[in-house]
Amino acid sequence: MWLKRYDLLIIDESHRLRQRVNLGAYFGAFDQNCKALGFDKTTSSELDWVLKQANKSIFFYDEQQSIKPSDVSASAFKNLRQKADTRYEILKTQFRVKGGADYVKFIQGLFTEQHETLKPYAHGLNYESYLYESLDDMVEDIKLKDQQFGLSRLVAGFAWQRISNKDKSKFDIVIGDTKLQWNSLTVDWVNTPNAVNEVGCIHTIQGYDLNYTGVIFGPEIGYDPVSEKLIIYENLYQDKNGKNTIKDIEVLKSYIVNIYKTILLRGINGTFIYVCDPALRNHFKKFWRLKETIADVKPLNIHPNKINEQCVPYYDLNIAAGSFSDYQQVEDVSYIELPESMKPNPDLFACKVVGESMNKIIPNGSIALFKKYSAGSRNGLICLVESTNIYDKDLGGQYTIKEYRSKKVKTDENWVHEEITLHPLSTEAHFKPLVIRDEETIDLKVIGIFESVLAQ
């Protein structure tokens, strides 16, 4: 094999240089190259190849874009940086995202545990970024942006298996009524004619620029509101080469978080997101502007009776007090007619939310939509709660709306609540969590789970 030397090699995206881990079909070629260059295949990497074959080399390296075990380790670049003949520079400005340094800093902070100091993203005139309640709406908006500006694509975390490559009639990503397929091509997928109708993964998007990106956070990443930390569901992460050989869940977590950091910084003009995990979606609502803004919502029609199937009950919490166990039979109830874009459900109902304790998500005076609670985990969700131990002067008497957080302990027989915290999500610091302990929880009753703001 003839080996060429270079005066200068410039390596962009050098965090994608590989070592001999989880290489799949590339193992053979990797081993042959190591032998030709005189390296031990088990200890060398493509970084070593570049250093040997170039008199001078420039590496553009971002540790936070390292997404899998085959990437050259951060320690290898750290060792290179510390050599006497290495010049190390930090790039202080990026030119891709028009949101500028503020948006980049926001994305970095979003994935740390320092949420107390993280402020909601303030939109600039040149950058659009929204959190969507409806995946269908985000898909439609990305297609509209593609018609207007081109290069607008959907991208997702690697949380779904690829089945459409063997059967084109099948869908890989199914979320509610939305059905999507992964990218049908791998080489330069972004620029293929049908790309706007498909979903790209990190391997097809890393290194590319887009005008608008629609990011789907898959169910492999969630949020624990008690510990206030991101959590990873290893069994739901589908990239085998991205998780094989990893024994430490924190290492896998760092790779998955880096995937989302990377794809959230692809969009030049805007980034839209949809989040599968309810607790993570609720957490992000504290920092991200919802697409369904009040200005976008048409005035709601309120009727004394249920005139059609789009109508759901609308309650004054003072009138309904004590009657929610069978709320459809409460007297003096009105009915709100939902927008045609919303699907009616017999478990839905609406209430007016008064006060500032939840104003990060539910502005004072808003009409909010809830779904009747029946069963399942409430941790991290915004709940309408009833308890004789609660007095909320804004909502009246024994009802309050807060983020539900629960700590449980194991007894000899089962798990029991040790403490329940009803957490305010307010811009005003004087609102404090309501803590309910031990025997007090017997009286606590979750009436409904917050769905969305209908109107203000």
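Checked options K291, K285, R289; the residue passing with E133 is K285 (criterion: salt bridge (Lys or Arg N to Asp or Glu O under 4.0 Å)).
For the residue pair T178 / D136, a side-chain donor-acceptor distance below 3.5 Å is found, with atom types taken as modelled. Between the side chains of S184 and E198, at least one donor N or O sits under 3.5 Å from an acceptor N or O. For the 3.5 Å distance criterion, the side chains of D239 and Y255 fail to qualify, holding no donor opposite an acceptor. With no hydrogens or angles considered, no side-chain donor-acceptor pair links T192 and N194 at under 3.5 Å.
In this structure, the side chain to side chain contact (heavy atoms under 4.5 Å, CB included) partners of E337, at least two apart in sequence or on a different chain, are N301, H303, I307, N308, Q310, C311. Applying the salt bridge (charged side-chain N to carboxylate O under 4.0 Å, His left out) rule to D48 yields no partners; only residues at least two apart in sequence or on another chain are considered.
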Would you mind writing out the side-chain donor-acceptor pairs for residues 101-110 within the sub-3.5 Å range, not counting sequence neighbours?
residue, atom, partner, partner atom, Å
Y103, OH, L264, O, 2.9
Y103, OH, T271, OG1, 3.4

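With a 4.5 Å cut-off on side-chain heavy atoms, N22 and K68 do not count as touching. Within the 4.5 Å cutoff, the side chain of S57 has no heavy atoms near those of the I11 side chain. The closest side-chain heavy-atom distance from D31 to R20 is below 4.5 Å. At a threshold of 4.5 Å between non-hydrogen side-chain atoms, the residues N241 and S70 do not count as touching. Using a 4.5 Å cut-off on side-chain heavy atoms (C-beta onward), M358 and F450 make no contact. When side chains are defined from C-beta on, H283 counts as touching F287, because their heavy atoms get closer than 4.5 Å. Side-chain contact check for Y130 versus D141: every heavy-atom pair is 4.5 Å or farther apart. Residues I163 and D167 fail the side-chain proximity criterion, which asks for heavy atoms closer than 4.5 Å.
Although no hydrogens or angles enter the test, the distance criterion places a donor-acceptor pair under 3.5 Å between the side chain of K253 and the main chain of L230. Within the 3.5 Å criterion, the main-chain N or O of I221 finds no donor-acceptor partner in the side chain of D277.
Between K243 and E220 there is no salt bridge, since no side-chain N of the basic residue sits under 4.0 Å from a carboxylate O of the acidic one. Ion pair R405/E228 flagged as a salt bridge, since at least one NZ, NE, NH1 or NH2 atom sits closer than 4.0 Å to an Asp/Glu carboxylate oxygen.
Taken to the nearest 0.5 Å, the CD atom of Q238 stands 12.5 Å off from the SG atom of C201.
The environment of N235 atom CG is dense: over 12 non-hydrogen atoms of other residues, nucleotides or ligands sit within 6.0 angstrom.
In this structure, F171 has its ring center at least 6.0 angstrom away from the ring center of W160. In summary, the aromatic rings of W288 and F272 are positioned with their centroids too far apart to meet the 6.0 Å limit.
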Output, in order, the C-alpha distance, side-chain angles, deciding distance and verdict of salt bridge (Lys or Arg N to Asp or Glu O under 4.0 Å) for R153 and D146. CA-CA 8 Å; R153 302 288 182 262; D146 190 63; 2.8 Å; yes
